[in-house]
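Just below is one structure, and these are the notes that go with it.
Given the structure is predicted, the values throughout are model-derived calculations rather than measurements. The residues of the chain are indexed from 1 along the displayed sequence. The figures that follow rest on heavy atoms only: side chains count, while hydrogens, waters and symmetry mates do not.
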Amino acid sequence: MNLLAAVPWPWRLAAIASMAAGCVAFGYVKGSAAVQDHWDRTLSTETIAAAKVIVKQGQVTERIVIQYVDRVRYIRETGKAIIKEVPVYVPLDTPDLPAGFRWLHDAAAAGTVPDPAERADAAAVPAQTATTTVVENYTTCNTTREQVIKLQQWIREQQKITSLCSTPVER
């Protein structure tokens with residue numbers, strides 16, 4: 001006797017449908033696990049790559065900050081050394097500079113057009129004082145210039161790191 005013939009058709013269809021549903025569920029679970037594994041591998045690869053980029057960026061930042069601090073220290077020390085020489089090169093008995101010099105110098109330092117009404121209030125300035133002020137202004141200018149140069153260098157190197165490290169992940 002055939003065992004299959006003893007099972008009625010509705011039960012046979014139900015058994016076939018359950019087996020098909022089981023196969024679909026099994027495929028879904030296995031596919032889901034494969035996708036999750038790929039996702040986890042990709043995520044860990046990306047995390048490691050991001051950590052490497054962050055380390056390189058930190059190294060660049062540290063190196064450039066050290067260069068900047070050293071350079072600014074040198075600029076300030078040079079400015080102080082020049083100021084110490086002012087009495088040697090601009091003797092105390094050097095005639096005072098006219099009031100117009102101070103008036104125009106202050107306007108130029110402030111980046112403004114001089115106001116003619118302020119000219120009346122301007123006093124003559126001793127040559128040593130004016131020279132010291134000019135040296136201090138140039139020292140500040142050179143410090144700011146160095147800051148901009150190092151900032152530009154930092155940006156270029158950060159861009160280079162991110163462009164080198166941003167390789168597309170295998171899909």
Side-chain angles (χ1 to χ4, degrees), residues 32-171:
S32 171
V35 168
Q36 186 64 45
D37 288 344
H38 183 269
W39 172 261
D40 292 342
R41 280 193 312 276
T42 302
L43 185 61
S44 65
T45 302
E46 291 292 325
T47 303
I48 290 169
K52 287 179 182 178
V53 168
I54 290 169
V55 168
K56 287 180 183 178
Q57 288 176 331
Q59 291 169 342
V60 165
T61 299
E62 183 178 352
R63 179 174 46 79
I64 290 177
V65 166
I66 289 170
Q67 290 173 354
Y68 168 72
V69 168
D70 290 345
R71 182 72 179 136
V72 166
R73 184 179 302 122
Y74 172 78
I75 291 169
R76 289 186 179 149
E77 288 172 1
T78 302
K80 288 178 185 176
I82 293 171
I83 288 173
K84 286 181 184 177
E85 297 296 319
V86 168
V88 174
Y89 292 97
V90 183
L92 194 54
D93 61 351
T94 303
D96 289 351
L97 298 173
F101 173 82
R102 174 180 287 198
W103 179 61
L104 289 173
H105 179 270
D106 290 349
T112 61
V113 176
D115 182 8
E118 295 173 357
R119 186 173 183 195
D121 296 337
V125 60
Q128 282 188 350
T129 303
T131 305
T132 300
T133 300
V134 169
V135 170
E136 289 169 349
N137 288 349
Y138 278 119
T139 300
T140 301
C141 177
N142 287 330
T143 301
T144 305
R145 180 179 144 271
E146 191 62 32
Q147 184 179 25
V148 170
I149 288 169
K150 290 302 177 190
L151 178 60
Q152 289 171 337
Q153 179 184 355
W154 181 83
I155 290 169
R156 280 191 301 273
E157 292 191 30
Q158 295 294 338
Q159 285 175 334
K160 191 185 310 178
I161 289 170
T162 28
S163 69
L164 290 176
C165 295
S166 62
T167 56
V169 176
E170 201 176 292
R171 304 272 184 240

With sequence neighbours left out, the residues meeting side-chain hydrogen bond (donor to acceptor under 3.5 Å, both in side chains) with Trp154 are Thr61

Residue pairs passing the ring pair (Phe, Tyr, Trp, His ring centres under 6.0 Å) test with at least one member in residues 60-101, sequence neighbours excluded, are Phe101-His105

Sorted by chain and residue number, the side-chain hydrogen bond (donor to acceptor under 3.5 Å, both in side chains) partners of Gln59 (sequence neighbours excluded) come out as none

In short, salt bridge (Lys or Arg N to Asp or Glu O under 4.0 Å) pairs touching residues 66-82 with sequence neighbours left out are Asp70-Arg73, Arg71-Glu146

Note: Thr139 and Gly79 closest approach over all heavy atoms is OG1-CA, 3.5 Å

Heavy-atom nearest pair, Ile75 first then Asn142, reads CD1-O, 3.6 Å

Those residues at least two apart in sequence (or on a different chain) that pass side-chain hydrogen bond (donor to acceptor under 3.5 Å, both in side chains) with Gln128 are none

- Message: Set out, in order, the CA-CA distance, both residues' side-chain angles and the distance that settles side-chain contact (heavy atoms from CB on, under 4.5 Å) for Arg63 and Gln153, then state yes or no.
- Response: CA-CA 11 Å; Arg63 179 174 46 79; Gln153 179 184 355; 3.7 Å; yes

The ring pair (Phe, Tyr, Trp, His ring centres under 6.0 Å) partners of Tyr138 (sequence neighbours excluded) come to none

Quick check against the 3.5 Å criterion: does Thr129 have a side-chain atom that pairs as donor or acceptor with the backbone of Val125?
no

For Thr47, the side-chain contact (heavy atoms from CB on, under 4.5 Å) test, sequence neighbours excluded, returns Leu43

Sequence neighbours excluded, the answer for side-chain contact (heavy atoms from CB on, under 4.5 Å) partners of Ile155 is Leu151, Gln159

Sorted by chain and number, sequence neighbours left out, side-chain contact (heavy atoms from CB on, under 4.5 Å) with Ala99 holds for Ala122

So salt bridge (Lys or Arg N to Asp or Glu O under 4.0 Å) across residues 91-112, not counting sequence neighbours, yields none

Given 3.5 Å as the limit, does a donor-acceptor pair link the side chain of Thr42 with the main chain of His38, or not? yes

Sorted by chain and residue number, the side-chain hydrogen bond (donor to acceptor under 3.5 Å, both in side chains) partners of Arg41 (sequence neighbours excluded) come out as none

Open item on the list: For Gln57, is there any backbone N or O sitting under 3.5 Å from a side-chain donor or acceptor partner on Gln158?
Closed with: yes

Exercise. Do other residues, nucleotides or ligands put more than 12 heavy atoms under 6.0 Å from the CD atom of Glu62?
Worked result: no

